[in-house]
Structures are given as structure tokens and as C-alpha cells.
Amino acid sequence: MTAPKLAQRTYYGKALAQLGRDNPQVVVLDADLAGSTKTISFKKVAPERFIECGIAEADMIGIAAGLAASGKIPFASTFGVFASGRCWEQIRMAVAYANLNVKVVATHCGLSVGPDGATHQALEDVALMRELPNMTVIVPADAYEAFQATLAIADYIGPVYMRMGRSEFPVCTPEEKPFEIGKATVMLKGTDVSLIGCGQMVQACLEAADLLEKEGISAEVINMATIKPLDLDAVYDTAAKTGAVVTAEEHSVIGGLGSAVAEFLSEVRPTPLARVGTYDTFGESGSADELMKKYGLTAADIVREAHNVIEMRDEKS
Amino acid sequence: MSEPPGIEELQNIANKMRLDVIEMTTAAGSGHPGGSLSAADLMAVLYFRVLHHAPDQPEMPDRDRFVLSKGHTAPVLYAALAESGYFPKEELLTLRKLGSRLQGHPARGHLPGIEVSTGSLGQGLSMACGIALAGKMDSKDYYTYCLLGDGELQEGQNWEAAMFAHHRGLNHLIAFVDRNRLQISGNTEEVMSMDPLPEKWHAFGWNVIIIDGHNIRQILEACAKAKESRKNPTVIIMNTVKGKGVSFMENNPDFHGRACNPDEYQAAVAELKAVIR
Ligand SMILES: Cc1ncc(C[n+]2csc(CCOP(=O)(O)OP(=O)(O)O)c2C)c(N)n1
Ligand SMILES: [Mg+2]
């Protein structure tokens with residue numbers, strides 16, 4: 001049976017609707033994109049707790065901070081570029097520094113946004129958010145995990161940035177498994193190389209592992225859905241086991257998951273490592289598939305890098 | 001040199017640009033036709049009568065500058081550039097495709113005639129202020145024109161720019177508001193009210209001209225009037241209809257950000273061809 005292709009934002013909307021029914025403290029803010037971010041699903045069940053801010057993202061973050069300072073649990077959503085970049089300093093002071101319970105949830109992140117082009121393709125948002133003290137950064141692997149993570153961050157007290165894509169893609173996590181913030185999931189056990197992915201790239205890692213298996217290479221696949229705080233034990237254990245690591249993210253290699261893993265490993269357990277992601281570039285218009293291929297974000301790219309890190313490891317020893 | 005196009009001819013060019021918008025967004029399978037159609041009459045007037053520009057010399061130092069702050073309506077800008085000769089019209093059909101110079105949102109450096117990059121709303125007027133200020137510093141006579149969406153005006157940065165433009169006496173800055181009263185989530189007054197809009201601009205020290213944005217003569221007159229200002233920047237608030245020119249797109253928020261399906265495409269093309277000479 002092939003896994004269904006689902007959009008994360010649809011499941012974000014479903015989770016918000018559930019929260020709308022179950023948790024009277026939850027309020028949802030949007031900036032003229034409710035139909036796209038799917039916060040509209042919340043508006044349908046709790047219209048009095050849905051706050052339309054207009055095309056004014058910076059204002060939205062300030063309002064969310066004020067609501068959080070007054071006991072509400074605000075979810076503020078827009079596209080990733082605007083959520084992370086347009087109001088970064090508002091998030092820095094009003095949310096992170098004040099350590100307020102605001103959930104900034106971004107959709108339309110990464111190259112798979114497609115034809116809208118570079119202005120709408122967030123490839124820097126994880127870096128921007130990871131940098132902020134007090135901030136938790138979550139990148140769910142698929143729609144089911146987006147659903148579970150939404151419920152989990154509503155229960156967690158503190159600032160959170162959660163990142164999702166635009167398109168529909170196959171699910172790879174169990175539908176009912178509660179999300180644990182800060183806990184990586186081993187999706188596939190292996191011994192020769194570790195593939196650590198987040199977001200849509202977890203699926204690509206699983207496909208890469210299949211391809212590697214056909215060559216007799218046993219890959220361990222880890223879903224690092226929380227980028228911050230990073231599950232250090234999980235990274236350490238898999239690196240110790242395989243001695244060769246590939247990270248994969250639909251994001252710049254500067255400052256994202258690859259950086260987080262590299263920073264940690266190079267301090268505590270230097271390990272041959274390669275990062276699959278975008279390399280100091282903006283995106284462009286094109287279909288999602290074309291762009292993922294052009295910018296090196298496919299299973300084939302992960303396989304190639306797996307070979308490279310295995311070679312590096314074997315040369316060293 | 002040939003005579004500048006008269007009112008009828010400008011109307012005809014605007015409708016050709018409307019057809020271009022439909023052709024290109026349909027070929028792309030995505031894009032923003034609604035706000036492109038509402039601005040087509042203005043764009044025809046600007047590119048065929050008002051702007052001092054030379055399509056074969058896009059970097060001409062004394063050219064007037066145009067900034068499309070509401071960058072999602074790139075199709076109508078590309079149509080204006082192609083119709084006036086910046087690049088071949090065939091290229092319009094590459095909109096939003098991999099490798100195209102016609103990016104989903106206008107990208108400086110990709111295509112001649114694009115002065116700045118836009119697509120993230122609310123930033124164009126600031127850039128236009130910078131361009132206008134540079135002209136003033138260098139004692140140049142060029143004008144800087146900036147097209148804003150009415151929903152876009154909800155971004156606070158616009159009002160920072162409005163404050164700056166008045167403070168620096170940028171009388172060679174002319175802004176247009178495409179007052180089609182729609183944004184993605186519906187009517188602007190229901191989403192986040194912008195009225196009383198003229199008073200807001202007045203309060204920031206701007207000259208305010210209110211016109212029917214589909215009346216070519218009024219657009220021409222407003223531009224001429226704006227250029228008479230010796231002290232302050234001018235905003236021309238154009239009352240428009242989103243989707244103007246294609247009956248089923250008019251005032252229909254659904255066509256803010258989606259292309260026609262094949263049936264809609266046929267119907268839209270038929271309507272537009274019927275009015276194009
Ligand atoms: C900063 C920013 N926030 C949100 C968006 C998404 N967006 C694109 S168009 C649009 C609505 C624009 O409405 P309006 O300015 O009235 O444009 P028009 O009606 O002329 O199409 C929105 C919210 C964006 N491009 N940039
Ligand atoms: Mg509008």
C-alpha cells in the first residue's frame with residue numbers, strides 16, 4: 001500500500017479545529033492568508049477566537065505577544081518568509097526575550113512552494129528562529145506529525161516556531177503517535193551510515209535508504225523533527241554507531257538542521273558529515289519537483305552524499 | 001516619431017494587456033489575474049503615455065522609474081514591458097516556469113525594466129522613496145511611480161514611507177493605490193478596514209487625487225496634475241474593479257490568486273477579443 005499524499009497545513013488546520021473545540025485558551029491569528037495556512041479551519045469552529053490581522057505580520061506578532069501575556073495561547077500563522085523574516089525582531093523581543101507562550105506557525109516553507117519563486121520560498125527561517133534564545137523550533141516530517149506537533153506545542157509553555165510546507169507529499173509517520181518535543185525518531189535502524197532529516201526530507205531519506213539497501217549499504221534514518229532543542233543523545237548515538245552522517249533539509253545548509261548537527265558533532269565527536277540542503281542561494285520559480293531536483297534535494301542526492309561520507313570514514317580509519 | 005496613442009488606442013492596449021495576463025497565467029497554471037486586470041488601464045497609460053522611458057535602453061539614466069509594490073501582479077507589468085518592447089511577447093508564456101526571466105514576482109536583474117525586487121508586500125513605497133531621493137540628490141528630473149494594493153496598505157511600512165516622502169518633499173514621487181476593495185480573504189473593509197483612505201494620506205501630508213481607475217482620461221489628467229506638485233508627493237487613489245474586463249472575474253476574490261481552467265480561459269479570451277481592435 002502506498003502512503004497517502006497529504007498537505008501538512010491541512011492537518012495543522014485540523015489540529016487547530018480540535019484545539020478550538022477542546023481548549024478555550026487557544027486563539028489563532030492570521031494575516032490575510034487563512035485560506036492558505038488553513039487557520040480557516042479554526043475560524044470555522046471558534047470564530048470569536050480567530051483574529052484576522054490583515055496584511056500586517058509585525059503587528060500580528062505584537063498582538064500575539066500581548067494575548068500571551070494575558071493568559072491566551074496564541075497561534076500566529078502566515079507564510080514562512082513573512083513569519084520568520086518580516087517580523088524577526090518583533091519575535092526576538094516581544095516573544096523570545098519576554099519568553100511568552102506564542103506559537104509562530106509557518107506554512108509554505110522551502111523550495112517546494114514552487115512557481116511563486118524566491119520571494120516566497122523560505123530557506124532561512126530555521127536559521128533565523130534557531131538563533132533566538134528560548135525558542136523551540138519544530139519541523140514535522142509529514143501531515144500526521146504536523147497534526148500531533150500542533151497538539152503538543154499547545155500543551156507546551158513557551159515560544160515555538162513550527163515550519164511546514166505547501167505541497168502534498170507522502171506521509172511516513174504513524175497517524176496516532178503523540179509528538180514529543182525534543183525527541184528524535186529512529187525511522188529505520190542501520191549500521192553503515194546515518195541519514196538525519198527533517199520535514200519533507202525525511203521521506204527522501206527513507207527513499208535513499210531503500211536505494212542504498214539495494215547496494216548492500218545499511219542506512220539508519222532519523223527524523224529530527226525538533227531542531228531545537230536538538231536531541232543530542234540521538235545524534236551522538238547514531239554517529240557513534242555508523243561513523244558517517246548525512247543531514248537533509250529543505251533549507252539552507254547555513255544555520256539549519258545540518259548546521260545544528262555539525263556544530264554538535266564537531267565539538268563532541270568529530271564525524272565525517274555531509275549536508276544536503278541549499279547552498280547559499282535563493283530559489284526561483286518552477287514546479288516543486290523541478291526545483292527539488294535542480295537544487296539537489298532528492299533521494300539521489302542523499303545517496304551520493306552517503307557514499308561520500310562512507311568513503312571519508314573509511315579513508316580515515 | 002509617431003503620435004502618442006490617444007485615449008481609444010490606450011484603452012485598446014490595456015485590453016491587449018488583459019489578454020496577455022489571461023494567456024500567461026493560464027499557461028503558467030497559477031498567478032494573480034485579479035489584481036493584474038484591475039491595474040491594466042493604469043499600466044497602459046503609464047507605459048504608453050506617461051513614463052519617459054526607452055525599452056531598448058532600460059538603464060537610460062534619466063528614465064522615469066516604476067515600482068510595482070504589489071509584486072504578485074507581475075503579469076500586468078510583464079505585459080506592459082512586452083507590449084512596449086522590452087522583450088519579445090512570446091516570452092510571456094514562460095511566466096513562472098523553471099529558468100524563465102519572468103519570475104513569479106518581479107526580480108531585479110532577471111529582466112530588463114524591473115527596477116527593484118518585490119513580492120513581499122509593503123516594501124515598494126520605501127524603495128520608491130529611495131529612488132526618488134537619489135534623483136533629488138543628483139538634481140535629476142525623473143519621476144518615480146509606485147503602484148500599491150489597497151490590502152497592501154495594511155503593512156505599516158507604507159506609512160513609514162509616506163511619512164518619509166512628505167518629510168523629504170519628494171514631489172517627484174507619485175503613488176497609485178489600486179483601490180479594488182478586495183484582498184485575499186475578501187473585502188478590505190471586512191478584513192481590515194482602510195477607510196477613510198484619502199484622509200489617511202492627507203494626514204501624512206500627501207496630495208490626494210481620487211479617480212476612476214478604469215477611465216483613461218482621468219488617469220492621464222491625474223498624472224499631469226501630480227506632476228505639477230512643487231512640494232509634496234502625490235497619491236492617486238484609483239477606484240477599480242478587481243478582475244476588470246472579464247465578467248466572471250470582476251469583483252470575484254476567487255481570482256485573486258488562481259489561473260483560469262480551460263473553460264474559463266475560453267470564455268475570458270472570447271470576451272477580451274471581442275473588445276480588442
Ligand atoms: C508581506 C506579505 N504578506 C502576505 C503576502 C501574501 N499576499 C499576496 S497578495 C495578498 C493580498 C493583496 O491584496 P491587495 O494589496 O489588495 O492586492 P490586489 O487586490 O491589487 O491584488 C497577500 C496577502 C505577501 N505577498 N506579502
Ligand atoms: Mg486589493
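Each chain gets a letter, A, B and so on, in the order the sequences are listed, and its residues count up from 1. Not measured: the values here are computed from a predicted model.
To the nearest 0.5 angstrom, B/His110 atom NE2 is 9.0 Å from A/Ser285 atom OG. Rounded to the nearest 0.5 Å, atoms CD (B/Gln123) and OG1 (A/Thr119) are 10.0 Å apart. Atom-to-atom distance recorded for B/Leu98:CG and A/Lys294:NZ is 5.0 Å, nearest 0.5 angstrom. In this structure, the separation between CZ on A/Phe79 and OG on B/Ser120 is 11.5 Å, given to the nearest 0.5 Å.
Along residues 44-57 of chain A, the residues that come nearer than 4.5 angstrom to chain B, judged on non-hydrogen atoms, are A/Glu52, A/Cys53, A/Gly54, A/Ile55, A/Ala56, A/Glu57 in order of number. Against chain A, the residues from residues 151-159 of chain B that qualify, each with a non-hydrogen atom under 4.5 angstrom away, are B/Gly151, B/Glu152, B/Gln154, B/Glu155, B/Gln157 in number order.
Around CG of A/Asp289, the count of heavy atoms belonging to other residues, nucleotides or ligands within 6.0 Å does not exceed 12. In the displayed structure, B/Asp254 atom CG is contacted under 6.0 Å by more than 12 heavy atoms of other residues, nucleotides or ligands. Applying the 6.0 Å contact sphere to CD of B/Glu189 captures more than 12 heavy atoms from other residues, nucleotides or ligands. Around CZ of A/Arg92, the count of heavy atoms belonging to other residues, nucleotides or ligands within 6.0 Å does not exceed 12. Atom CZ of B/Phe87 sits in a crowded spot, with more than 12 heavy atoms from other residues, nucleotides or ligands closer than 6.0 Å. For B/Lys242, the NZ atom is densely surrounded, since the number of other residues' heavy atoms within 6.0 Å is greater than 12. A 6.0 Å sphere centred on NZ of A/Lys293 holds no more than 12 heavy atoms belonging to other residues, nucleotides or ligands. Atom OH of A/Tyr279 has more than 12 neighbouring heavy atoms from other residues, nucleotides or ligands inside a 6.0 Å radius.
In terms of heavy-atom proximity, A/Asp116 sits nearest to B/Arg96 at OD1-NH2, 2.6 Å. Closest approach of A/Asp32 and B/Ile184 over heavy atoms only: OD2-N, 3.2 Å. When all heavy atoms of A/His120 and B/Gly119 are compared, the pair lying nearest together is CE1-O, 3.4 Å.
If you tally non-hydrogen atom pairs under 4.5 Å between each of B/His32, B/His72, B/Met192 and chain A, the highest count goes to B/Met192. The residue among A/Pro115, A/Gly286, A/Gly117 with the most heavy atom pairs within less than 4.5 Å of chain B is A/Pro115.
For chain A, the nearby part of B/Thr118 is the backbone; its heavy atoms alone come within less than 4.5 Å. Looking at A/Leu33, the atoms closer than 4.5 Å to chain B (heavy atoms on both sides) sit in the backbone and in the side chain alike.
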